[in-house]
Visitor: 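Sharing a structure, written as structure tokens. Questions coming.
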Amino acid sequence: MAFFYSEPSHTFGEYLLVPGYSSTQCIPQNVDLSTPLVKFRRGEEPTLTLNIPMTSAIMQSVSDDKMAIALAKEGGVSFIYGSQSVKEQAAMVTRVKNYKSGFVSSDSNLKPTDTLNDVLALLAATGHSTMAVTEDGKPTGKLLGIVTSRDYRVTRMNGNELVKDFMTPFEKLVYAEAETTTLPMANDLIWQNKLNMLPLVDKKQRLRYMVFRKDYTDNKTNPLELIDSRKRYIVGAGINTRDYEERVPALIKAGADVLCIDSSEGFSEWQKITLQYIHEKFGEGVKVGAGNVVDADGFNFLADAGADFIKVGIGGGSICITREAKGIGRGQATAVIEVCKARDEYFQRHGVYIPVCSDGGIVHDYHMTLALAMGADFLMLGRYFSRFDESPTDKIRINGTYYKEYWGEGSNRARNWQRYDLGGDKKLSFEEGVDSYVPYAGSLKDNMNSTLAKIRSTMCNCGALNLPELREKAKITLVSATSIVEGGSHDVILRDQFSRN
């Protein structure tokens, strides 16, 4: 006879936090939202730490290089979707790592014999308006000049003009010696000469690096930005249990800081094989998350298999229909509570702390705080990020209202069979996701500032100034259906229901 759980599983919407004592120090600006991204031993520090407890989902409609850059600026990490070719995914990772590092290697390069049409094509491909003109068109060739949008006017040119005839030549550039110039020195030269970019060359005039004004500005306006030791943005990438032998080396070479097995169900021998291969082949320095699971057995299996973090959640995503299609899953709140308890017990037994990522089930901002209070170290969000300008989907106007496209990896549109693979045919046998729209919400930064303000404020109500304190001090109550109704506006007529005409 099947095993029956004695209690029903619950969602975040069935709980509320009960306020605790708040000292005079409990003000939002004092709240620290940093949290470990990967496992670490007792007494040690994790090698990767998030500045905010948010990551973006491994989905075509959510996480590309543009989203990765925007989220890293705010202190989180994107996991670039793996349901694309290895080459294309690695290229996205490379673009993120090259976007900002103080000293940037040039990735938009021209030869002097190229034309304006080549310039426009390169601009469309990379989005970079500053291009180095080198003797051989390579990033480390002899620097002959620079092309920016100020060097040409499309409306007054036919496209066949040669780059050498309209570029700013080397003789007119302000540049610096690559061997002796520090980043502070480069920034001083940029400000003194009112430059947008400073090229650094060697003694043979070969281009070595470029330093951009915007990188300095970004650093000042994004104090929580998540960067590596070379001041490059941290970025993750999704992998699967089929082509990992090809995909993982390419992603490591491209510079991915952390990987995650993207699967609808992680309590599987396939994930164990994948984790063991990666750690045996590339060492423990390559960090790989795994999942998804919904109970202690699944957590312990992946923990023993070598996962660096473990994702929780099956069927709770807004575009996921796994529960409807297969009857598989568990209420997200209950799953998080049980798995986090297993994490703490594992830590007590083995002295190894394995972070838990709550993936799915978030409808309102306060659900994020609940998930963190229930024990999650960080969250993975799809619908939340899909609404923003930085997501890779189109913005569409329907009946006067703007929406963004949003589809699941298990939908016919994505056809990401690897995510739902159980070792059978290489195809998606039936849908486990839908194709949909979400209300357009504007920029990521503006929305995240509001969301994080709510999380910090709620933590102060609980008397907590960091996430470990929140888990320790939070008091959570299960609420009735009537209490949920009571919690919103009720027994009034909202003014905006009436026409102002």
Side-chain angles (χ1 to χ4, degrees), residues 36-41 46-48 55 57-59 63 77-94 97 228 234-294 297-314 339 342-343 346 350 352-357 359 380 409 416-428:
L37 176 58
V38 296
K39 69 181 179 184
F40 58 95
R41 293 191 174 277
T47 56
L48 288 172
T55 64
I58 311 169
M59 300 174 67
S63 297
V77 166
S78 284
F79 285 86
I80 291 177
Y81 69 93
S83 51
Q84 59 179 321
S85 73
V86 173
K87 182 178 180 181
E88 289 170 338
Q89 188 185 21
M92 285 189 181
V93 171
T94 298
K97 299 307 290 186
D228 63 17
I234 299 292
V235 61
I239 61 173
N240 62 70
T241 58
R242 281 294 187 119
D243 66 3
Y244 54 87
E245 293 186 33
E246 176 189 3
R247 191 173 295 270
V248 170
L251 294 173
I252 293 172
K253 183 178 180 180
D257 298 281
V258 58
L259 307 174
C260 183
I261 302 174
D262 183 28
S263 173
S264 64
E265 207 280 292
F267 197 172
S268 158
E269 189 75 10
W270 300 108
Q271 294 220 1
K272 180 179 180 180
I273 292 169
T274 303
L275 287 166
Q276 290 178 339
Y277 170 84
I278 294 172
H279 286 139
E280 288 173 4
K281 183 78 173 178
F282 302 102
E284 296 296 324
V286 175
K287 304 302 181 182
V288 190
N292 287 19
V293 298
V294 292
D297 290 341
F299 174 89
N300 288 319
F301 172 80
L302 290 177
D304 291 340
D308 288 288
F309 66 85
I310 293 173
K311 285 206 294 146
V312 177
I314 295 176
V339 171
R343 172 205 59 202
Y346 192 92
H350 302 285
V352 177
Y353 187 92
I354 304 174
V356 167
C357 169
D359 178 16
M380 180 169 281
E409 291 295 294
N416 181 8
W417 64 268
Q418 294 97 330
R419 189 177 198 278
Y420 302 88
D421 181 37
L422 294 174
D425 294 333
K426 296 181 179 182
K427 65 179 182 179
L428 194 68

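Here, residue 1 is the first one in the sequence, and each next residue gets the next number.
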Visitor: Testing the basics here: between I354 and A303, what is the closest heavy-atom pair and its distance to 0.1 Å?
Guide: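 Residues I354 and A303, closest heavy atoms: CD1-CB, 3.4 Å.
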
Visitor: Measuring from S83:OG to N240:CG, what's the distance to the nearest 0.5 Å?
Guide: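 Reported to 0.5 Å precision, the distance equals 9.5 Å.
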
Visitor: What are the two closest non-hydrogen atoms of V286 and H279, and how far apart are they?
Guide: O-NE2, 3.3 Å

Visitor: Atom CG in L37, atom OG1 in T47: separation rounded to 0.5 Å?
Guide: 8.0 Å

Visitor: Would you say that I239 contacts C260 through its side chain, given a criterion of any heavy-atom pair below 4.5 Å between the two side chains?
Guide: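 Not touching, per the 4.5 Å side-chain cut-off.
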
Visitor: Examine distances only and state if a side-chain atom of R247 and a backbone atom of G82 form a donor-acceptor pair shorter than 3.5 Å.
Guide: yes

Visitor: Between L48 and I234, does a side chain to side chain contact (heavy atoms under 4.5 Å, CB included) hold up when you go through it step by step?
Guide: CA-CA 9 Å; L48 288 172; I234 299 292; 4.3 Å; yes

Visitor: Can you find a heavy atom in the side chain of K97 that is under 4.5 Å from one in the side chain of D228?
Guide: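 Yes; the side chains approach each other to less than 4.5 Å.
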
Visitor: Is it the case that the side chain of D297 and the backbone of N300 share a donor-acceptor pair, with hydrogens and angles ignored and the cut-off at 3.5 Å?
Guide: no

Visitor: Under 3.5 Å, side chain of D257 to main-chain N/O of V235, donor-acceptor pair present?
Guide: yes

Visitor: Check F309 against V38 and note the closest heavy-atom contact, atom names and distance.
Guide: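 Distance-wise, the nearest heavy atoms are CD2-CG1, 4.5 Å.
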
Visitor: Do K272 and D304 sit within salt-bridge range, that is, some charged N less than 4.0 Å from a carboxylate O?
Guide: no

Visitor: When you compare the side chain of Y81 with that of M92, does any pair of heavy atoms fall below 4.5 Å?
Guide: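 Heavy-atom side-chain distance check passes, below 4.5 Å.
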
Visitor: Write down the atom of V77, the atom of G236, and the distance for their closest heavy-atom approach.
Guide: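 Closest pair (atom of V77, atom of G236, distance): CG1-N, 3.7 Å.
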
Visitor: For the CG atom of L259 and the CD1 atom of I252, what is their distance to the nearest 0.5 Å?
Guide: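 So the CG of L259 and the CD1 of I252 are separated by 6.0 Å.
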
Visitor: Ignoring hydrogens, what is the shortest heavy-atom contact between A290 and L275? Give both atom names and the distance.
Guide: CB-CD1, 4.1 Å

Visitor: Going through the distances and angles, do K311 and I261 end up as a side chain to side chain contact (heavy atoms under 4.5 Å, CB included)?
Guide: CA-CA 10 Å; K311 285 206 294 146; I261 302 174; over 6 Å; no

Visitor: Do T241 and I273 make a side-chain contact, defined as non-hydrogen atoms from C-beta onward lying under 4.5 Å apart?
Guide: no

Visitor: Do the side chains of P355 and K39 get nearer than 4.5 Å, heavy atoms only?
Guide: yes

Visitor: Are any side-chain N or O atoms of S63 and backbone N or O atoms of M59, one a donor and one an acceptor, separated by less than 3.5 Å?
Guide: no

Visitor: Is a donor on one side and an acceptor on the other found under 3.5 Å between the side chain of K287 and the backbone of E284?
Guide: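 Yes.
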
Visitor: Tell me whether Q89 contacts the main-chain N or O of I80 through its side chain, where contact means a donor paired with an acceptor under 3.5 Å.
Guide: yes

Visitor: Under 30°, 30 to 60°, or over 60°: which ring-plane class applies to F301 and F267, parallel, tilted or perpendicular?
Guide: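 Tilted, since the angle between the ring planes falls between 30° and 60°.
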
Visitor: May I ask you to test the V248-F282 pair for a side-chain heavy-atom distance under 4.5 Å?
Guide: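 Heavy-atom side-chain distance check passes, below 4.5 Å.
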
Visitor: Has the side chain of N292 got a donor or acceptor atom that lies under 3.5 Å from a matching backbone atom of S264?
Guide: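 Side chain of N292 to backbone of S264, a donor-acceptor pair under 3.5 Å: no, none is there.
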
Visitor: With a 4.5 Å limit on heavy-atom distance, are the side chains of R343 and I310 in contact?
Guide: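 They are not in contact (no side-chain heavy atoms under 4.5 Å apart), so the answer is no.
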
Visitor: Tell me the closest heavy-atom pair linking Y353 and P36, and the distance in Å.
Guide: CE2-CG, 4.2 Å

Visitor: Can a donor-acceptor pair be found, under 3.5 Å and without considering hydrogens, that links the side chain of Q271 to the backbone of G291?
Guide: yes

